[in-house]
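Order of appearance sets the numbers: ligands from 1, and atoms from 1 within every ligand.
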Amino acid sequence: MSELQELYRRVSVCSDCDLCQKRTHAVPGEGPENAEVMFIGEAPGFYEDQQARPFVGPAGRFLDELIASTGLRREQVYITNVVKCRPPENRDPLPSEIESCRNYLQRQIELIKPKVIVTLGRYSLAWFFPKDSIGKVHGQIRVKDGLCVLPMYHPAAALHAASMRQVIQEDFQKLPDVLAKASQAPAQTEPREPVAEQMRLF
Ligand code: URA
């Protein structure tokens with residue numbers, strides 16, 4: 001079993017916060033272990049909780065379209081969320097829930113080593129840059145601990161406000177260029193103590 005699969009197993013039985021009580025399935029994430037691009041959303045919704053897969057509902061269909069518009073295929077990229085279990089009624093995740101899940105996402109980033117991380121929505125942006133506002137930084141590269149982060153609005157924003165659709169589509173058009181540039185950059189050395197040490201899980 002790879003470390004990533006072992007992490008999935010741990011997420012599937014995790015009881016570190018109360019979200020475990022109402023979930024049907026935890027949703028660890030999916031995609032190749034050598035993916036160059038990692039998309040990070042907020043938390044699973046109804047369909048994700050049913051299927052144990054990220055972004056398979058209406059927002060996921062738009063995300064698939066956006067990914068395809070960049071010339072990438074969904075099977076090529078890694079997709080996960082800040083929080084791995086569905087908050088009841090799709091409410092916003094609590095700070096304590098985000099912290100409970102933090103080490104899982106941190107370890108996924110360490111194992112996959114994506115060249116570009118696309119944050120989808122404000123929770124995912126805040127995971128890296130708590131002080132930034134999505135309205136100001138969407139579509140602009142940010143660097144954190146040697147990671148190239150491209151903040152985007154959440155695809156669900158376009159489902160709630162049609163005017164957002166074009167903004168999101170335009171931001172996604174920047175991804176191929178950002179990926180090409182990030183691929184030219186020399187590989188980053190481990191930015192800090194890998195989280196496996198802190199978790200003492202692996
Ligand atoms: N919204 C998210 O943030 N993540 C999902 O997996 C689905 C919808």
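- Annotation for V56: hydrophobic cluster partners, listed by chain and number, are F46, Y47 (ILVMFWY side-chain heavy atoms under 4.5 Å, direct or chained).
- The aromatic rings of H138 and Y153 lie tilted to each other, with the angle between the two planes from 30° to 60°.
- Applying the side chain to side chain contact (heavy atoms under 4.5 Å, CB included) test to D18 and every residue at least two apart in sequence or in another chain returns Q21.
- R74 forms no cation-pi arrangement with F39, by the criterion of a distance under 6.0 Å to the ring centre and an angle within 45° of the ring axis.
- For ligand 1, the 4.0 Å heavy-atom shell takes in G41, E42, A43, E48, P54, F55, N81, H154, ordered by chain and residue number.
- Residues H154 and F55 place their aromatic rings such that the two centres sit under 6.0 Å apart.
- Among residues two or more places apart in sequence or in another chain, the side chain to side chain contact (heavy atoms under 4.5 Å, CB included) test is passed with S12 by none.
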